[in-house]
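The figures here come from the full heavy-atom set of this structure, side chains too, leaving out hydrogens, waters and symmetry mates.
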Amino acid sequence: MEELQGRVAVVTGAGSGIGRGIADALADAGARLVIADIEGRAAEAVAAAIRDAGHPAIARHVDVTDGDDIESLAEATIEAFGAVHVLVNNAGVMTMGPLAEATEADWNWLFEVNVHGMVRGVRAFLPHLRANAPAHIVNTVSMAPVAPRLDGEMGIYTASKGAAIGFSEVLRAELADEEIGVTALCPGPVATRLYEAERNRHARFGGRTGMEAPARTHRQQPDEVGAMVVDGILRNAGYVFTDLESRGRIEAREARIREALDDLERGGA
């Protein structure tokens, strides 16, 4: 996309954190915003702040695990603005603990939000994006699948985000000829409420379990990430990384893969 002035952008998980940072940056770039979040009051507060800054914005309470909610979000967007040009699938959740101790409810919750929520968003909005191309999709992934923390008790989260990055890469290839770009956002440590995600954990996914946030140093603020995302949309970037701290883990993973390939080659297979 060459510009965002006057375009319509939908951001899920936009009531706080990275989602809010992206929404604010899109508004500053001239876009009209639809702020969606499972916390409806937070969504409305963000939309109100954007309107107070002179930009059009509406808010919607949306649970990305509910297909009807996502379809209603698409309908509300078209009703309010008549089109949609940018979809940001940002809603995401986290749980911690060893894989061997994870429950089925843990797996279901993370995959329903982090993967199926993203798929539902694309399914609901893609017809509208196609009708208004050039358009763009941003999927908030993580550094976890490309630079996994092998001792960080983030196994389910890493697995879910691995599915999300694979989905994003294939979707980008499939939509390239339709003037619809797809960006995988892979943020490093950012000051968000991700580790408080269980505040909205559904009873059908086990309810709150008292997860404690690990001690981490947040190197960036959501507004910095938002600016990077806007730049990535305008450049049609396949990936947006937010810092270089994870380079060592990426290179270590690449080394493990190269070693396995070298072993295969030496074996004459």
Side-chain angles (χ1 to χ4, degrees), residues 9-27 33-50 57 59-66 69 73 88-97 105-106 108-118 121 138-145 149 152-158 160-161 164 185-203 205-229 240 242-243 245-246:
V10 179
V11 186
T12 67
S16 63
I18 289 174
R20 178 169 189 168
I22 294 172
D24 286 342
L26 286 166
L33 268 298
V34 179
I35 305 299
D37 200 281
I38 195 169
E39 295 182 327
R41 291 183 179 179
E44 181 52 52
V46 173
I50 290 173
R60 287 293 182 273
H61 170 272
V62 172
D63 178 354
V64 299
T65 71
D66 186 328
D69 262 17
L73 176 63
V88 182
N89 289 307
N90 173 75
V93 295
M94 160 80 81
T95 192
M96 301 284 293
D106 292 332
N108 288 341
W109 181 45
L110 265 69
F111 271 76
E112 277 297 312
V113 177
N114 295 350
V115 182
H116 295 296
M118 191 175 290
V138 177
N139 292 328
T140 299
V141 185
S142 171
M143 288 304 300
R149 292 182 178 275
E153 297 194 342
M154 296 168 58
I156 305 177
Y157 180 76
T158 300
S160 70
K161 293 300 187 176
L185 169 62
C186 300
V190 179
T192 75
R193 301 184 69 190
L194 178 62
Y195 288 101
E196 302 172 36
E198 285 199 348
R199 70 190 187 277
N200 294 314
R201 184 165 173 167
H202 311 66
F205 297 131
R208 300 184 66 168
T209 62
M211 180 184 75
E212 294 185 6
R216 297 187 73 191
T217 300
H218 297 117
R219 285 181 295 279
Q220 290 176 305
Q221 295 299 315
D223 59 337
E224 296 177 87
V225 177
M228 293 176 182
V229 170
V240 169
T242 63
D243 68 47
E245 183 271 342
S246 299

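- By the 4.5 Å heavy-atom criterion applied to side chains, Leu26 and Val88 are counted as neighbours.
- Within the model, atoms CE of Met118 and OG1 of Thr140 stand 6.5 Å from one another, a figure rounded to the nearest 0.5 Å.
- Listed by chain and residue number, Glu196 satisfy the side-chain hydrogen bond (donor to acceptor under 3.5 Å, both in side chains) test with Arg193 (two or more places apart in sequence, or in another chain).
- With sequence neighbours excluded, the residues that form a side-chain contact (heavy atoms from CB on, under 4.5 Å) with Met143 are Val146, Ala147, Cys186, Phe241, Ser246, Ile250.
- For Asp69, there are no salt bridge (Lys or Arg N to Asp or Glu O under 4.0 Å) partners, not counting sequence neighbours.
- Taking Glu39 as the reference, Arg199 meet the salt bridge (Lys or Arg N to Asp or Glu O under 4.0 Å) condition, with sequence neighbours excluded.
- Of all non-hydrogen atoms in Ala91 and Val64, the two that sit nearest each other are CB-CG1, 3.9 Å.
- At least one side-chain heavy atom of Thr65 sits under 4.5 Å from a side-chain heavy atom of Phe205.
- Contacts of Glu224 classified as salt bridge (Lys or Arg N to Asp or Glu O under 4.0 Å), with partners at least two apart in sequence or in another chain: none.
- Each side chain to side chain donor-acceptor pair (under 3.5 Å) pair with one or both residues in residues 108-117, not counting sequence neighbours, appears once here: Glu112-Arg120, Asn114-Ser160.
- Asp37 is linked by a side-chain hydrogen bond (donor to acceptor under 3.5 Å, both in side chains) to nothing, counting only residues two or more places apart in sequence or in another chain.
- The side-chain contact (heavy atoms from CB on, under 4.5 Å) search around Asp106 returns Thr95, Ala102, Thr103, Ile156, Arg201, not counting sequence neighbours.
- Looking at residues two or more places apart in sequence or on another chain, you find a side-chain hydrogen bond (donor to acceptor under 3.5 Å, both in side chains) between Thr242 and Gln220.
- Between the side chain of Asn89 and the backbone N or O of Asn139 there is no donor-acceptor pair closer than 3.5 Å.
- Evaluation of the side-chain contact (heavy atoms from CB on, under 4.5 Å) rule for Ala57 yields Leu33, Ala47, Ile50, Arg51 as partners, not counting sequence neighbours.
- Sorted by first then second residue, the side chain to side chain donor-acceptor pair (under 3.5 Å) pairs that include residues 10-24, not counting sequence neighbours, number zero.
- The salt bridge (Lys or Arg N to Asp or Glu O under 4.0 Å) test applied to Arg60 returns no partner, not counting sequence neighbours.
- Leu194 and Gly92 make their closest contact through CD1-O, 3.9 Å (heavy atoms, listed as atom of the first residue, atom of the second, distance).
- At a threshold of 4.5 Å between non-hydrogen side-chain atoms, the residues Val225 and Leu185 count as touching.
- Paired with Ile18 under the rule side chain to side chain contact (heavy atoms under 4.5 Å, CB included), one option of Asp223, Asn90, Val229 passes, and it is Asn90.
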